[in-house]
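Below: one structure, written as structure tokens.
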Amino acid sequence: MGNAGGLYCSLGFDYGFCKNHSIGIETTFYGDEGQHDHYSGANSPNNRPSDIYTGTKKAIYLNYRYYLNLKRVRENAGIAFYVGALARYGQGSYSWSIGYSSDGILSSKIEYYSCGALIGLFYKFKKKNRFGVDFNVGTLYDNKTVDNTYLRQPLSTYGQFVTCDLCSSPL
């Protein structure tokens, strides 16, 4: 059980060249905070305190697209199909409230590199307009590095303020 909320923002641009080719760049930002409960039922020995966290992720994407030469569909329906490749670099950070991290993690810093292939379509709002909706799906190879800061001593009581020494490796 749990609850969380967040804000996601994305902004991107494409530049078309040689009729069927384009390159693009997109930036994304995601911020969230939430709580994840560890509850297995009344009087269960598996019950643990909630994880209460805040976090952010930001990334930049570079992509190449080749638009399929389906002139009739593009002109009549305003839809352009494409295949492409992308690369992504991103960073993220998460922090947990002291006393509310069931895994003993106080903070995490994440760095990731990705590459992949995609297929998609672009739908223009009007025939003469360059603005529209872009939808794509694909596969992504993701390489991620996570650096965690742990609490030195696990928390043994619920609801009491506990001061802890910090270390950079697990117990």
Side-chain angles (χ1 to χ4, degrees), residues 1-17 21-40 45-67 82-122 133-171:
M1 288 194 291
N3 56 45
L7 172 69
Y8 177 82
C9 300
S10 174
L11 179 64
F13 299 97
D14 263 355
Y15 175 74
F17 61 97
H21 303 271
S22 78
I23 55 173
I25 186 168
E26 181 179 357
T27 60
T28 62
F29 172 81
Y30 178 67
D32 70 333
E33 63 179 40
Q35 172 180 336
H36 185 265
D37 297 325
H38 303 282
Y39 181 74
S40 301
N46 296 327
N47 292 340
R48 302 187 318 217
S50 301
D51 294 329
I52 299 176
Y53 66 90
T54 58
T56 60
K57 287 183 182 178
K58 55 188 173 187
I60 186 164
Y61 296 81
L62 300 174
N63 67 62
Y64 165 78
R65 295 178 182 181
Y66 176 78
Y67 288 88
Y82 61 85
V83 295
L86 68 91
R88 173 180 73 167
Y89 170 75
Q91 295 178 333
S93 65
Y94 280 87
S95 62
W96 286 262
S97 299
I98 291 181
Y100 292 98
S101 174
S102 61
D103 296 329
I105 299 172
L106 187 61
S107 65
S108 294
K109 291 184 180 178
I110 305 164
E111 187 172 58
Y112 49 94
Y113 306 90
S114 309
C115 61
L118 54 95
I119 59 171
L121 64 90
F122 180 78
V133 174
D134 186 14
F135 175 77
N136 60 62
V137 295
T139 182
L140 193 66
Y141 171 75
D142 198 11
N143 186 12
K144 186 182 332 184
T145 304
V146 179
D147 182 22
N148 291 328
T149 301
Y150 290 84
L151 297 171
R152 184 174 299 276
Q153 299 172 348
L155 301 175
S156 59
T157 58
Y158 302 107
Q160 294 182 357
F161 182 78
V162 180
T163 57
C164 304
D165 295 327
L166 301 178
C167 63
S168 61
S169 62
L171 299 173

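Residue numbers run from 1 in the order of the sequence given. Side chains included, hydrogens not; waters and symmetry mates left out as well; all remaining heavy atoms used. These numbers come from a predicted model, not from an experiment.
Around OH of Tyr8, the count of heavy atoms belonging to other residues, nucleotides or ligands within 6.0 Å exceeds 12.
Remark: aromatic rings of His21 and Tyr66 are close, center separation under 6.0 Å.
Ser22 approaches Tyr67 most closely through the heavy-atom pair OG-CE1, 3.5 Å. Counting all heavy atoms, side chain and backbone alike, Gly24 lies closest to Asp14 at CA-OD1, 3.1 Å. Of all the heavy atoms in Tyr112 and Lys58, the pair that sits closest is OH-O, 3.6 Å.
Proximity of Thr28 to Lys57: side-chain heavy atoms (C-beta onward) are nowhere separated by under 4.5 Å. Here the side chains of Leu86 and Glu26 are not in contact, with every heavy-atom distance at 4.5 Å or above. Between Tyr82 and Asp134 there is a side-chain heavy-atom pair separated by less than 4.5 Å. In this structure, the side chains of Leu118 and Leu140 stay at 4.5 Å or more apart for every pair of heavy atoms.
By the side-chain contact (heavy atoms from CB on, under 4.5 Å) test, Val137 is found to be paired with Ile119, Phe135, residues two or more places apart in sequence or in another chain being considered.
Distance check: Ile25 CD1 to Ile60 CD1 gives 3.5 Å after rounding to the nearest 0.5 Å. In this structure, Asp147 CG and Ser108 OG are separated by 8.0 Å, a value rounded to the nearest 0.5 Å. Rounded to the nearest 0.5 Å, atoms OG1 (Thr27) and OH (Tyr61) are 10.0 Å apart. Considering NZ of Lys109 and OG of Ser95, their distance stands at 11.0 Å, rounded to 0.5 Å. With values rounded to the nearest 0.5 angstrom, Thr145 atom OG1 is found 11.0 Å from Gln91 atom CD.
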Subject >> Full working for side-chain contact (heavy atoms from CB on, under 4.5 Å) between Leu62 and Tyr64 >> reply: CA-CA 7 Å; Leu62 300 174; Tyr64 165 78; over 6 Å; no
